[in-house]
Amino acid sequence: MHALKKSSTTVQEPPGAVVHRSTPPPAWQPRTDPAPLLPDREPYRVLGTEAVADADPELLLRLYAELVRGRRFNAQATALTKQGRLAVYPSSTGQEACEVAAALVLQEQDWLFPSYRDTLAVVARGLDPVQALTLLRGDWHTGYDPREHRIAPLSTPLATQLPHAVGLAHAARLKGDDVVALALVGDGGTSEGDFHEALNFAAVWNAPVVFLVQNNGFAISVPLAKQTAAPSLAHKAVGYGMPGRLVDGNDAPAVHTVLAEAVRRARSGGGPTLIEAVTYRIDAHTNADDATRYRGDAEVEAWRAHDPVRLLEHELTERGMLDENGIREAAEDADAMAARLRDRMNAEPELDPMDIFAHVYAEQTSQLREQAAQLRAELDASAEPADDAPGQGEAR
């Protein structure tokens, strides 16, 4: 054995062993220059900056109309939980700018991968609101055909939709299809293994996928500071070799701009991007949550002053692009949408118990076939008229 002395410590090295060095050999070099991947120190903004002068007026008005509709959609869906028409609803009030922008940046052939809180995003993409709420109503596994609408099922397990988005995007690139996948996730989802696995695969495969983290401050009751010590969630991109972007999540045109750039980059072969949108969840986690147990009213009110609907409305009125008539028309359109949703959700759904076996496997397993036959027999038996009881109508 050869003895290597370092200070007073003796380290025994076997013959022929490579001696440890405090620095890598000269041939080592970074695989990627980290500087271009780092996010800006401050979230990107458009409203209230010089950049707003270059914004498309038609896009600004479209964003405003969708924000107003989105706010009304959230309010109506929350009311439906109180009426017993929805089992649960995770509101995105305060986060509408992220939801709307995510829907508007995609082309028809692209795919959206939402989380359970992103019903507004799928509605803004064009999905029937009742179909978007079917899962939360408890009627079906999901209320729409994902392939038809290019919208993956609303994902209740945290971050499990992210590897799916990467897989679809990678497959599309291998086939030569012009498809980009946009995956939505909350700040809590960034602590899940699926998040890290998805980012690693996406970067290694150079997949055309964009990750949008809606950092709304809390994973149910857990504040961000208790989840990560990173400078920002956008900084996590650098460790996987993709750009990280930081944006004001309540600034609708800013979110749209950053997302649009990332989608164009992915579509042109530039690979994935991780975007952190800094926003806030005004309502509780769901209708079953008591948010007053972990945050104060003053914090919520401070974020109400940075409301995405009011921010854009103020900018448009200041620029003379929106007047009282325009504000009223947007509100009336949103109210009409909510009324239609309310009427349709108040109608009792026609449910078939056999649907529980549908769309689980492409070909049912033997156990499912056996269970389906048993349920069918029970349903048929319960539908048959009962025989008259013996002696019915006779004196006893």
Side-chain angles (χ1 to χ4, degrees), residues 36-71 92-106 112 117-118 120-121 124-125 180 182-187 210-217 224 231-237 242-267 270 272-282 302-319 321-322 330:
L37 306 181
L38 288 169
D40 295 333
R41 295 182 63 86
E42 295 292 331
Y44 176 74
R45 295 181 175 88
V46 169
L47 298 177
T49 73
E50 295 180 357
V52 74
D54 297 326
D56 180 4
E58 184 176 343
L59 173 62
L60 293 178
L61 291 171
R62 171 78 186 281
L63 286 170
Y64 175 73
E66 292 292 344
L67 288 180
V68 174
R69 284 168 58 87
R71 178 62 54 84
S92 59
T93 297
Q95 301 176 220
E96 292 93 346
C98 300
E99 303 277 306
V100 168
L104 297 189
V105 297
L106 297 178
L112 180 67
R117 195 177 298 280
D118 300 318
L120 174 55
R125 182 151 166 77
V180 173
L182 173 56
L184 308 180
V185 67
D187 48 289
V210 176
F211 303 96
L212 175 60
V213 179
Q214 297 179 74
N215 177 8
N216 64 20
L224 183 68
S232 74
L233 296 175
H235 277 79
K236 294 180 182 290
M242 70 178 70
R245 295 296 307 274
L246 191 61
V247 63
D248 183 341
N250 287 17
D251 185 332
V255 181
H256 188 278
T257 297
V258 173
L259 280 175
E261 290 175 355
V263 169
R264 285 194 297 269
R265 179 176 181 272
R267 197 181 307 280
T273 303
L274 173 65
I275 300 168
E276 176 188 356
V278 182
T279 182
Y280 195 78
R281 191 190 74 216
I282 293 295
W303 274 94
R304 286 189 189 277
H306 196 61
D307 176 87
V309 181
R310 300 294 166 251
L311 286 177
L312 185 53
E313 182 176 285
H314 174 75
E315 188 73 49
L316 291 174
T317 54
E318 285 292 305
R319 298 182 65 192
M321 298 174 58
L322 185 69

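Every pair passing salt bridge (charged side-chain N to carboxylate O under 4.0 Å, His left out) that includes a residue from residues 252-262 is listed here, sequence neighbours excluded: Arg245-Glu261. Applying the side chain to side chain donor-acceptor pair (under 3.5 Å) definition to pairs two or more places apart or across chains, none involves residues 46-60.
Side-chain atoms of Pro253 and Leu59, non-hydrogen and from C-beta on, never get closer than 4.5 Å to each other. Within the 4.5 Å cutoff, no side-chain heavy atoms of Asp40 are placed close to those of Leu246. The side-chain heavy atoms of Leu233 and Leu224, taken from C-beta on, include a pair separated by under 4.5 Å. Proximity of His256 to Val105: side-chain heavy atoms (C-beta onward) are separated by under 4.5 Å at one or more points. For the pair Pro243/Leu37, a side-chain contact is recorded, criterion being any heavy-atom separation below 4.5 Å from C-beta on. Using a 4.5 Å cut-off on side-chain heavy atoms (C-beta onward), Gln214 and Glu99 make contact.
Residues meeting the side chain to side chain donor-acceptor pair (under 3.5 Å) test with Asp248, sequence neighbours left out: Arg45, His306. Remark: Arg71 pairs with Thr93, Glu96, Asp307, Pro308, Val309 by the side chain to side chain contact (heavy atoms under 4.5 Å, CB included) rule, at least two apart or across chains. Under the side chain to side chain donor-acceptor pair (under 3.5 Å) criterion, Arg304 pairs with Glu301, sequence neighbours left out. Evaluation of the side chain to side chain contact (heavy atoms under 4.5 Å, CB included) rule for Arg62 yields Glu66, Leu104 as partners, not counting sequence neighbours.
The distance from the CG atom of Leu322 to the OH atom of Tyr64 is 5.0 Å, given to the nearest 0.5 Å. Separation of atoms CG (Leu259) and CD1 (Ile275) is listed at 4.5 Å; rounding is to 0.5 Å. To the nearest 0.5 angstrom, Asn250 atom CG is 11.5 Å from Leu312 atom CG.
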Would you please test Asp251 and Leu311 for side chain to side chain contact (heavy atoms under 4.5 Å, CB included) and show each step? CA-CA 7 Å; Asp251 185 332; Leu311 286 177; 5.6 Å; no
Run Leu60 and Glu315 through side chain to side chain contact (heavy atoms under 4.5 Å, CB included) and show every step you take. CA-CA 9 Å; Leu60 293 178; Glu315 188 73 49; 5.8 Å; no
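Asn215 contributes no side-chain N or O that, together with a main-chain N or O of Val278, makes up a donor-acceptor pair within less than 3.5 Å. Side-chain atoms of Thr279 come within 3.5 Å of backbone N or O of Gly94 as a donor-acceptor pair. Using modelled atom types, one side-chain atom of Arg265 and one backbone atom of Gly270 make a donor-acceptor pair closer than 3.5 Å.
Residues Ala277 and Cys98 share a closest heavy-atom pair of CB-SG, 3.6 Å. Residues Ala102 and Leu182 approach most closely at O-CD2, 3.4 Å, considering heavy atoms. Heavy atoms only, all atoms of each residue included: Ala101 and Ala252 are closest at CB-O, 4.3 Å. Across Leu184 and Ala121, no two heavy atoms sit closer than the pair CD1-CB, 4.0 Å. Minimum heavy-atom separation, Ala266 to Val210: CB-CG2, 4.4 Å. Residue Tyr44 comes nearest to Ala254 through the heavy atom pair O-CB, 3.7 Å, listed as atom of the first residue, atom of the second, then distance.
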